[in-house]
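This structure is a prediction, so every number in the text was calculated from the model and none was measured. By convention in this document, chain letters (A, B, ...) are assigned in the order of the sequence lines, proteins followed by strands, and residues within each chain are numbered from 1.
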2 protein chains.
Amino acid sequence: MPRTSDPTRNRILDAANCLFYAEGIRAVSVDAVAGAAGLTKRTLYYHFTSKDDLIAAYLQSRDQPNLALFAKWFNDEGGTVADRVEAIFTHLAKAARHKKWKGCGFLRTAAELANMPGHPAIKIGSAHKKKFETWLADILATTGLVEPLLLARQVVLLMDGAFSVMLVHRDASYIEAAGKAAATLVRASEIRNVG
Amino acid sequence: MPRTSDPTRNRILDAANCLFYAEGIRAVSVDAVAGAAGLTKRTLYYHFTSKDDLIAAYLQSRDQPNLALFAKWFNDEGGTVADRVEAIFTHLAKAARHKKWKGCGFLRTAAELANMPGHPAIKIGSAHKKKFETWLADILATTGLVEPLLLARQVVLLMDGAFSVMLVHRDASYIEAAGKAAATLVRASEIRNVG
DNA sequence: TTGTGTATACTCACTGCTTAGTATACTTTT
DNA sequence: AAAAGTATACTAAGCAGTGAGTATACACAA
């Protein structure tokens, strides 16, 4: 049984990450991933039991890095909580202007696998989104805002809306509009708390 | 050249609508659509030039019905504009609890075709979303709210966020949270206008 | 130190199936 | 007869997954 730190396994995951994110899950064959990783399909099947297994592992490998990036964007910002939440969107809009940007891998995979609700990859996506929501709710609660759970959820909805709408319009100003909305909601929560 | 009102063409579109929405674009073969429509693939190719053409026609056929439904949900509701906007989300949440519900066909198609930015189906999706945004902005402007364009866009972002997040969590309370956020934003816009 | 056993990590070649799209011919309608 | 519409049967390519075998490395016994 190959170990998690296996360099070959990681090479396959890197290739899967590139291809699945760039082209989509169903559009990329196992052969293509193996080829990009510089080995044969049979070897890939030595490290992963199936394509579904590979898809799940691909998303799992994106969980921590993505969360860390959002946290960094928030933490590097000064000002009020509203400002710092909006900063996440500002950085997202910047990233989204790059040509290779194709939205959120978790959401796109869930959309593609909408006919398989119990798919392992969707569960991993669900856990990932929940982690972000909880992280944000904790921050909002610590700041003393009212209804931090609801507020965090609403910010998440704006963020995921921005991810999705971008794939339709390819216009990063939507992400900035979402950021403004998030800031408005946070400030409304501040006001309600003070008053 | 077959006409738009062709009953056979519509039968194919109905089948495409059911299958593409239920299973996804790439997961459904042209054969499957033809079979569900009760005819052979060759006949389908007489009415549509390619699978991409069929996909685009499928989304085009959903444009007006979907917009009409949202308008009905809004118009049937009494109360303030905020209440009526929130009503759209409430109805959406109700629809989303059905097992067959699989989110927004336009967004899911855009997510699946994220590697083909210029695809006709994505352009149709873009036009559809723009129409809804414009319809809402007109209402908000007529009501005398400040920045109706931005506000309409933010409501759209919440709605599309709700569509997408639902595919990950399968929890309709997210749609209600989005509705509350939309109402909060609309009311914040009212307040700013009055003050 | 040489030989034997074994697990790891890999490749080549393949199966069985599905795919989008087409060449050709038949039927029905006008 | 001519045109529209449909079916049968096909091509050529791609797909996920597998059977069978190989190179390497490392363990341990003689």
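For A:F20, the ring pair (Phe, Tyr, Trp, His ring centres under 6.0 Å) test picks out A:Y58, with sequence neighbours left out. Applying the side chain to side chain donor-acceptor pair (under 3.5 Å) rule to A:Q64 yields no partners; only residues at least two apart in sequence or on another chain are considered. The side chain to side chain contact (heavy atoms under 4.5 Å, CB included) search around A:A162 returns A:I175, A:A178, B:L157, not counting sequence neighbours. Taking B:E133 as the reference, B:R153 meet the salt bridge (charged side-chain N to carboxylate O under 4.0 Å, His left out) condition, with sequence neighbours excluded. The salt bridge (charged side-chain N to carboxylate O under 4.0 Å, His left out) search around A:K131 returns A:D63, not counting sequence neighbours.
Taking side-chain N and O atoms only, A:T8 has a distance below 4.0 Å to OP1 or OP2 of C:dC10. Note on A:Y46: every side-chain N or O is 4.0 Å or more away from OP1 and OP2 of C:dC10. Regarding contacts with the backbone of D:dA4, every side-chain N or O of B:H47 stays at 4.0 angstrom or more from both OP1 and OP2.
Picking from C:dT11, D:dT6, C:dA20 the nucleotide with the shortest atom distance to the side chain of B:K41 gives C:dA20. When the nucleotides D:dG5, D:dA16, C:dT11 are ranked by their closest atom to the side chain of A:T40, C:dT11 comes out on top. Here the side chain of A:K51 is nearest to one of C:dT11, D:dG17, C:dA20, namely D:dG17.
C:dC12 atom P lies 11 Å from atom CG of A:L39, rounded to whole Å. For A:Y45 and C:dC10, the OH to C1' distance is 16 Å, given to the nearest whole Å. A straight line from CG of B:L54 to C1' of C:dG21 spans 13 Å, rounded to a whole angstrom. As a whole-Å value, the separation of B:I55 CD1 from C:dA20 C1' is 11 Å. In this structure, B:F48 atom CZ and C:dA20 atom P are separated by 15 Å, rounded to whole Å. Spacing between atom CD1 of A:I12 and atom C1' of C:dA9 amounts to 11 Å, rounded to whole angstrom units.
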Side-chain donor/acceptor pairs under 3.5 Å, residues 29-40 of chain B, sequence neighbours excluded:
| unit_1 | atom_1 | unit_2 | atom_2 | d |
| --- | --- | --- | --- | --- |
| B:S29 | OG | B:A32 | N | 3.0 |
| B:D31 | OD2 | B:K41 | NZ | 3.2 |
| B:T40 | OG1 | B:T43 | OG1 | 3.3 |

Just distance, no hydrogens or angles: give the donor-acceptor pairs under 3.5 Å from side chains in residues 86-96 of chain A, sequence neighbours left out.
| unit_1 | atom_1 | unit_2 | atom_2 | d |
| --- | --- | --- | --- | --- |
| A:T90 | OG1 | A:E86 | O | 3.0 |
| A:H91 | ND1 | A:A87 | O | 3.0 |

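Within residues 15-33 of chain B, no residue has any heavy atom under 4.0 Å from DNA chain D.
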Query - Contact letters for nucleotides 23-30 of chain C, in which S counts primed atoms plus P, OP1 and OP2 and B counts the base, heavy atoms under 4.0 Å - result: BB------
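B:F70 and B:F132 have perpendicular rings, their planes meeting at more than 60° on a 0 to 90° scale where under 30° would count as parallel.
A salt bridge is absent between B:R84 and B:D76: the closest approach of a Lys/Arg side-chain nitrogen to an acidic carboxylate oxygen does not fall below 4.0 angstrom.
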